[in-house]
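Data first, discussion second: the structure below is written as structure tokens.
We count residues from 1, following the sequence as given.
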Amino acid sequence: MTRRAIVVGTGFGLRVHVPALRAAGFEVAALVGQDAERTTRRAARVGVPAGFDSLQAALRATDAEVVTIATPPDTHAELAGLAVAAGRHVICEKPLALSVEQAEAMTKAADAAGVVALVGTEFRWDPAVEAVRAAIAGGRIGRPHTVTVVRSYPILADAGAGAPGWWFDPARGGGWLRANGTHLLDQLHLWLGPIAEVSATLGQAVPRPGGGADDGYGVLLRTASGAVGILQECAAVWGAPVEVTRVAGTAGTVSIVDGRARLETADGGCDLSAAPSQPDAADSSRPWTAAEIAAYTGLAGWLYRHLEDGSTGEQRPATFADGLAVLRVVEAIQASAEQRQVVTIQPGGAP
């Protein structure tokens with residue numbers, strides 16, 4: 001049986017979703033963009049048989065059972081709603097929605113329809129991220145008590161830096177917290193369970209015309225299991241990127257250094273994952289693309305196998321319920337920054 005997918009979005013969708021779906025075994029039956037003629041040309045360029053300017057048209061014209069959504073967050077609720085109502089399985093980019101309320105409705109609709117509904121936090125399939133999860137779950141660091149995640153990048157250091165327009169528009173779900181911080185919050189959720197309390201600030205290191213959304217943030221956090229930590233990012237820092245990821249426990253510490261997971265205990269240290277392959281010269285302008293495609297292939301491959309035989313495996317993707325949990329933390333961070341106070345996140349509820 002040939003399993004087919006529709007990709008909505010001609011940016012990240014074309015660059016990452018299409019090759020990842022194909023590598024996972026899917027046939028990409030259609031591409032959806034804003035302009036039918038332009039989308040058809042782009043689809044033909046990568047061997048996709050059809051291009052459309054609406055998801056409804058693509059759903060009517062194809063028998064695809066999967067829809068992947070790679071569009072700005074303010075479109076997610078409507079597009080996922082159309083796919084779910086048509087009985088299609090969905091992979092939707094993060095952040096899942098503009099608000100917790102939208103994400104709750106999306107999750108309920110997917111559950112009622114009985115479809116598989118996943119969030120595109122593909123870096124769960126990064127070997128180092130998975131190695132950290134497995135080490136913590138396997139008890140190799142004992143009880144986790146302290147987490148440190150610090151990142152800085154030059155991506156937005158130039159006020160004229162090119163980036164998707166929605167990144168700078170809070171009304172469309174923009175800001176670095178939502179654009180990239182959701183990846184890290186999902187990883188903490190995966191590794192340590194729910195986050196219960198935050199004290200946060202949001203920043204804009206580089207002013208932009210018309211104001212714009214945050215390009216950095218800092219969060220002190222406490223998990224429901226009692227671990228405490230810091231999560232800090234800024235995408236407007238000149239110089240080489242900095243990435244620090246450490247989870248310390250009563251029996252050891254697991255970290256990600258230069259893309260490789262490493263375990264340190266009283267008996268010494270050992271690598272838990274191989275070093276990532278380096279991009280070749282052709283990829284140097286977009287060094288993350290190869291890693292994104294590889295990780296997304298893992299996510300799409302999980303879905304393909306699950307549809308084939310119902311298998312799940314130990315490694316699991318983020319569901320809409322996970323995306324909802326992350327959005328609750330995002331809104332708590334924003335509320336904490338605005339109110340300048342600690343915000344508690346109620347289990348399964350609003351801050």
Side-chain angles (χ1 to χ4, degrees), residues 6-17 31-36 38-39 42 52-59 67-86 88 90-110 117-122 155-156 161-186 202 204 208-217 235 318-335 337-338 350-351:
I6 295 167
V7 173
V8 187
T10 59
F12 190 78
L14 192 64
R15 193 174 73 248
V16 174
H17 284 209
L31 181 68
V32 178
Q34 294 180 307
D35 179 275
R38 184 171 64 243
T39 303
R42 290 176 175 174
F52 300 91
D53 62 0
S54 76
L55 178 56
Q56 297 98 315
L59 290 168
V67 173
T68 72
I69 299 168
T71 57
D74 58 330
T75 67
H76 290 176
E78 179 182 0
L79 291 168
L82 290 170
V84 166
R88 270 43 170 207
V90 180
I91 301 177
C92 182
E93 273 305 316
K94 47 79 204 158
L96 180 58
L98 274 182
S99 67
V100 164
E101 290 74 20
Q102 281 189 352
E104 286 176 335
M106 292 164 68
T107 303
K108 289 177 182 177
L118 308 178
V119 183
T121 44
E122 76 274 17
I155 299 168
L156 303 180
W166 68 267
W167 279 19
F168 306 119
D169 188 348
R172 301 186 70 194
W176 192 249
L177 171 64
R178 287 176 176 256
N180 195 69
T182 44
H183 274 302
L184 303 181
L185 289 170
D186 178 72
L202 296 175
Q204 190 180 58
R208 298 181 188 279
D214 61 275
D215 55 24
Y217 59 87
T319 64
F320 273 20
D322 293 313
L324 169 59
V326 166
L327 266 181
R328 286 198 173 107
V329 179
V330 166
E331 291 196 357
I333 290 170
Q334 292 174 318
E338 181 178 348

Taking every non-hydrogen atom, the tightest pair across [X] and [Y]:
X	Y	answer
M106	A77	SD-CA, 3.7 Å
S99	L327	O-CD1, 3.7 Å
V84	A109	CG1-O, 3.5 Å
V32	T39	C-CG2, 4.0 Å

Ion pair present between R328 and E104, side-chain N to carboxylate O less than 4.0 angstrom?
yes

Going by the rule side-chain contact (heavy atoms from CB on, under 4.5 Å), which residues pair with [X] if we only count those two or more places apart in sequence or in a different chain?
X	value
A117	A110, F320
A235	L156, W176
A105	none
P170	A213

Going by the rule side-chain hydrogen bond (donor to acceptor under 3.5 Å, both in side chains), which residues pair with [X] if we only count those two or more places apart in sequence or in a different chain?
X	result
R88	none
T182	none
D169	none
T107	none

Kindly indicate, with the supporting measurements, whether the criterion side-chain hydrogen bond (donor to acceptor under 3.5 Å, both in side chains) is fulfilled by Q102 and H76.
CA-CA 9 Å; Q102 281 189 352; H76 290 176; over 6 Å; no

According to salt bridge (Lys or Arg N to Asp or Glu O under 4.0 Å), who are the partners of [X], at least two apart in sequence or on a separate chain?
X	answer
R172	D74
D214	none
D53	none

Keeping to residues at least two apart or across chains, list the salt bridge (Lys or Arg N to Asp or Glu O under 4.0 Å) pairs with something in residues 174-183.
none

Please round to the nearest 0.5 Å and tell me the distance separating atom CG of L324 and atom CD of E101.
9.5 Å

